[in-house]
J.: 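If you scroll down you'll find the structure; I have some questions about it.
Values in this document were obtained by computation on a predicted structure and should not be read as measured data.
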Amino acid sequence: MTTQDQVKKWAVYALCLLPLCLLDQYVLGRVFLTLPAPLLYPLAAAAAGMWEGPFPGSIYGLGTGLLWWLGGGSPAVILLLTLAGLAAGLAAGSGLRPSLFGYLVLCLGLTAAGELLRCALWLFRGLAGPAALLPAAGGELLCTLIFALPVYLLYRLAWRRVGGDRLA
């Protein structure tokens, strides 16, 4: 694959992230004021990692994490999304098929791990108790999984057009 093909491929993947950023910043933030909101950025990192492999997935996760951080997230999301892209690529390379079912399993695992980490940090800091954290984490997990289908379809369309070595 030429450098121009690589640039085109990753530009298409970056364009896939644009509607997710706009949806997260301007729509979901207003709709889910008191309810748990879905986490769209980890879904994007998981999709890229699942189809492109561990190293490209981790680089895409790094970029996605930087974008989320610039949009108001914690600096820790940079590392976490880099690891999410890496984990998605490793899981796909270890036998988890890049299909809707495989993607949902991947998203469930990554989101649950992130929610457990967040709950543990809040408990450690004494900011909230388990009675408050667990329902919020469960609601956020459920909302994220609902949004996994449109994200999967968006990235699947991009991968079918430019993913892998298709442009070569």
Side-chain angles (χ1 to χ4, degrees), residues 1-32 37-115 140-168:
M1 237 167 125
T2 65
T3 304
Q4 185 177 6
D5 292 339
Q6 288 285 345
V7 169
K8 182 178 178 182
K9 174 170 76 169
W10 291 106
V12 168
Y13 278 126
L15 285 175
C16 288
L17 194 56
L18 181 64
L20 299 180
C21 293
L22 294 174
L23 186 66
D24 185 66
Q25 293 291 322
Y26 296 110
V27 177
L28 297 177
R30 288 169 172 69
V31 172
F32 291 94
L39 303 172
L40 300 179
Y41 294 100
L43 296 177
M50 183 177 75
W51 276 302
E52 295 297 334
F55 182 71
S58 63
I59 299 300
Y60 191 79
L62 174 71
T64 304
L66 282 169
L67 195 60
W68 193 7
W69 172 61
L70 290 173
S74 165
V77 298
I78 299 169
L79 175 64
L80 293 175
L81 288 185
T82 302
L83 293 175
L86 176 67
L90 290 173
S94 297
L96 187 67
R97 289 189 35 211
S99 63
L100 177 59
F101 178 73
Y103 180 68
L104 290 176
V105 167
L106 192 60
C107 289
L108 177 65
L110 290 173
T111 307
E115 291 299 329
E140 201 166 71
L141 179 68
L142 181 64
C143 286
T144 300
L145 288 178
I146 290 170
F147 277 84
L149 179 63
V151 172
Y152 170 82
L153 294 173
L154 176 67
Y155 277 83
R156 181 174 174 253
L157 176 67
W159 182 78
R160 292 181 86 185
R161 299 280 184 208
V162 297
D165 294 329
R166 283 183 172 50
L167 296 177

J.: Tell me the closest heavy-atom pair linking L96 and G102, and the distance in Å.
T.: CD2-O, 3.5 Å

J.: Got P38 and L28 here, is their nearest side-chain heavy-atom distance under 4.5 Å?
T.: yes

J.: Under the side-chain contact (heavy atoms from CB on, under 4.5 Å) test against L20, which residue among Y155, W68, Y41 passes?
T.: Y155

J.: To check you understand the geometry: which heavy-atom pair defines the closest contact between C21 and L67, and what is its length?
T.: SG-CD2, 3.1 Å

J.: Name the one of T2, T3, V7 that satisfies side-chain contact (heavy atoms from CB on, under 4.5 Å) with D5?
T.: T2

J.: Within the structure provided, determine whether L62 and I78 are in side-chain contact (heavy-atom separation under 4.5 Å).
T.: yes

J.: Quick one: which of T64, L23, L17 gives a side-chain contact (heavy atoms from CB on, under 4.5 Å) with L40?
T.: L23

J.: Given T82 and L86, is the side-chain contact (heavy atoms from CB on, under 4.5 Å) satisfied, shown in steps?
T.: CA-CA 6 Å; T82 302; L86 176 67; 5.8 Å; no

J.: Give me the ring orientation class for W10 and Y60: parallel if the planes are under 30° apart, tilted from 30 to 60°, perpendicular past 60°.
T.: tilted

J.: Check for a donor-acceptor pair, side chain of T144 on one end and backbone N or O of L39 on the other, with a separation under 3.5 Å.
T.: yes

J.: Which pairs count as side chain to side chain donor-acceptor pair (under 3.5 Å) when at least one residue sits in residues 20-29, sequence neighbours excluded?
T.: none

J.: Could you pull out the closest heavy-atom pair between L106 and A91, with the gap in Å?
T.: CD1-CB, 3.8 Å

J.: Restricting to non-hydrogen atoms, name the atom on W69 and the atom on G73 that form the minimum distance, rounded to 0.1 Å.
T.: CD1-O, 3.2 Å

J.: If you look at every heavy atom in C107 and A148, which pair is closest and at what distance?
T.: SG-CB, 4.5 Å

J.: Measure the acute angle between the ring planes of Y152 and Y103, then classify it against the limits of 30° and 60° as parallel, tilted or perpendicular.
T.: tilted

J.: Grab the two heavy atoms, one from A37 and one from C143, that are nearest each other, plus how far apart they are.
T.: C-CB, 4.4 Å

J.: Would you check if M50 and W159 make a side-chain contact, meaning some heavy-atom pair closer than 4.5 Å?
T.: no

J.: Once rounded to the nearest 0.5 Å, what's the spacing between atom CG of L43 and atom CG of L110?
T.: 9.0 Å

